[in-house]
K.L.:
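Dropping the structure in here first, questions after.
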Amino acid sequence: METSLVEPDVSTGFSRLKDDNGGATLDNILAATERLQFVESLQLPEHVLKEVERSFIDQLVRRVSAETASQMRRHSVERRLGLFALYLIVRKSQMIDRVIDLLVEQIHRINAKSKRKVIKDISREIEKVHGKERLLAEIAVASMEHPEGRICNVIYPVAG
């Protein structure tokens with residue numbers, strides 16, 4: 001946790017832990033999961049917050065979210081780590097929700113893209129004349145067998 005405060009702009013730094021994840025791109029999803037893994041690796045005691053009034057927790061979380069890493073480092077070690085741990089316990093659930101939102105958004109994009117592709121392929125198939133290649137081949141064979149014949153006598157009977 002101290003390293004996160006000392007280097008706030010690295011992927012698991014204090015500033016990055018407070019950031020929004022951005023749009024549902026692969027890079028953003030991977031970065032969000034990396035930050036979530038970091039928070040989970042700390043194994044913070046979430047059960048201790050059950051006995052604390054929610055409004056007090058929210059007040060402290062708002063205070064930490066408004067501070068910069070340098071402001072956090074000015075607190076005593078106990079206070080700094082306590083506030084940061086409290087913030088991360090609450091932030092963890094928000095991070096989980098956001099990762100899920102990013103994944104759902106990405107799934108919707110994939111679904112929409114695949115629907116567009118299928119519809120495009122179906123419309124291409126509809127535009128095709130069934131048996132067009134066979135028909136053109138039969139017209140070519142008839143033309144080669146009767147090169148001197150009239151179109152209405154050679155090609156029309158084959159083309160129908």
K.L.:
With a 4.5 Å heavy-atom cut-off, do L17 and R91 have their side chains touching?
P.N.:
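Sidechains of R91 and L17: no contact.
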K.L.:
Nearest 0.5 Å please: distance from the CG atom of L49 over to the CD1 atom of I89.
P.N.:
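L49 CG to I89 CD1: 4.5 Å, rounded to 0.5 Å.
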K.L.:
Under a 4.5 Å side-chain heavy-atom rule over Ile, Leu, Val, Met, Phe, Trp and Tyr, are V158 and V141 clustered together?
P.N.:
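Result: no, two separate clusters.
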K.L.:
Is it the case that the side chain of R109 and the backbone of A24 share a donor-acceptor pair, with hydrogens and angles ignored and the cut-off at 3.5 Å?
P.N.:
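Between the backbone of A24 and the side chain of R109 there is a qualifying donor-acceptor contact (under 3.5 Å).
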K.L.:
May I have the step-by-step check of side chain to side chain contact (heavy atoms under 4.5 Å, CB included) for V64 and L86, ending in yes or no?
P.N.:
CA-CA 9 Å; V64 173; L86 174 71; over 6 Å; no
K.L.:
To the nearest 0.5 Å, tell me how far H75 NE2 sits from L81 CG.
P.N.:
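Between atom NE2 of H75 and atom CG of L81 there are 11.0 Å.
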K.L.:
When you measure from the side chain of E138 to the backbone of L135, do you find a donor-acceptor pair of N or O atoms at a distance under 3.5 Å?
P.N.:
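No.
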K.L.:
Would a hydrophobic clustering, with Ile, Leu, Val, Met, Phe, Trp and Tyr connected at side-chain separations under 4.5 Å, put L42 with V90?
P.N.:
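L42 clusters together with V90.
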K.L.:
Is there a chain of hydrophobic side chains (I, L, V, M, F, W, Y, each step under 4.5 Å between heavy atoms) that links V10 to L5?
P.N.:
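Hydrophobic grouping puts V10 apart from L5.
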K.L.:
Apart from L26 itself, which Ile, Leu, Val, Met, Phe, Trp or Tyr residues share its cluster (side-chain heavy atoms under 4.5 Å, direct or through members)?
P.N.:
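L30, which link up through side-chain heavy atoms under 4.5 Å apart, make up the rest of the cluster.
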K.L.:
So for atom CD, which belongs to Q94, do other residues, nucleotides or ligands contribute more than 12 heavy atoms lying within a distance under 6.0 Å?
P.N.:
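Yes, because the 6.0 Å sphere around CD of Q94 holds more than 12 heavy atoms from other groups.
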K.L.:
Is K92 reaching over with its side chain to a backbone N or O of E46, donor-acceptor style, under 3.5 angstrom?
P.N.:
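Answer holds: no.
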K.L.:
What class does the angle between the rings of Y87 and F14 fall in, given that below 30° is parallel, 30 to 60° is tilted and above 60° is perpendicular?
P.N.:
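It falls in the tilted class, 30° to 60°.
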K.L.:
Can you tell me how far the CD1 atom of I151 sits from the CD1 atom of I139, to the nearest 0.5 Å?
P.N.:
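One gets 10.5 Å once the value is rounded to the nearest 0.5 Å.
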K.L.:
Are M1 and V77 connected into the same hydrophobic cluster when the rule is that any two of I, L, V, M, F, W, Y join if their side-chain heavy atoms are below 4.5 Å apart?
P.N.:
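Linked within one cluster.
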K.L.:
Could you go step by step and tell me if R73 and E2 meet the salt bridge (charged side-chain N to carboxylate O under 4.0 Å, His left out) rule?
P.N.:
CA-CA 9 Å; R73 287 191 305 266; E2 285 288 348; over 6 Å; no
K.L.:
When rounded to the nearest 0.5 angstrom, what distance separates CG in L36 from CZ in R98?
P.N.:
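Those atoms lie 13.0 Å apart.
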K.L.:
Strictly by modelled atom types, are N28 and T25 linked by a side-chain donor-acceptor pair under 3.5 Å?
P.N.:
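Yes, because at least one side-chain N or O of N28 sits under 3.5 Å from a partner of the opposite role on T25.
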K.L.:
What are the two closest heavy atoms between A85 and L44, and how far apart are they?
P.N.:
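For A85 versus L44, the nearest heavy atoms are O-CD1, 3.8 Å.
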K.L.:
Report yes or no: do I100 and I110 belong to one cluster of Ile/Leu/Val/Met/Phe/Trp/Tyr joined by side chain heavy-atom distances under 4.5 Å?
P.N.:
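Unlinked, I100 and I110 end up in two clusters.
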K.L.:
To the nearest 0.5 Å, how far apart are CZ in F84 and OG in S4?
P.N.:
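Going from CZ on F84 over to OG on S4, the span is 3.5 Å.
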K.L.:
Does a donor on one side chain and an acceptor on the other come within less than 3.5 Å for Q59 and R62?
P.N.:
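No.
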K.L.:
Give, for atom CE of M72 and atom CD of E67, the distance between the pair rounded to the nearest 0.5 Å.
P.N.:
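Rounded to the nearest 0.5 Å, the CE-CD separation comes out at 6.0 Å.
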K.L.:
I need the full list of side-chain hydrogen bond (donor to acceptor under 3.5 Å, both in side chains) pairs touching residues 142-154, with sequence neighbours left out, sorted by first then second residue.
P.N.:
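Applying side-chain hydrogen bond (donor to acceptor under 3.5 Å, both in side chains) to every pair that reaches into residues 142-154, excluding sequence neighbours, yields nothing.
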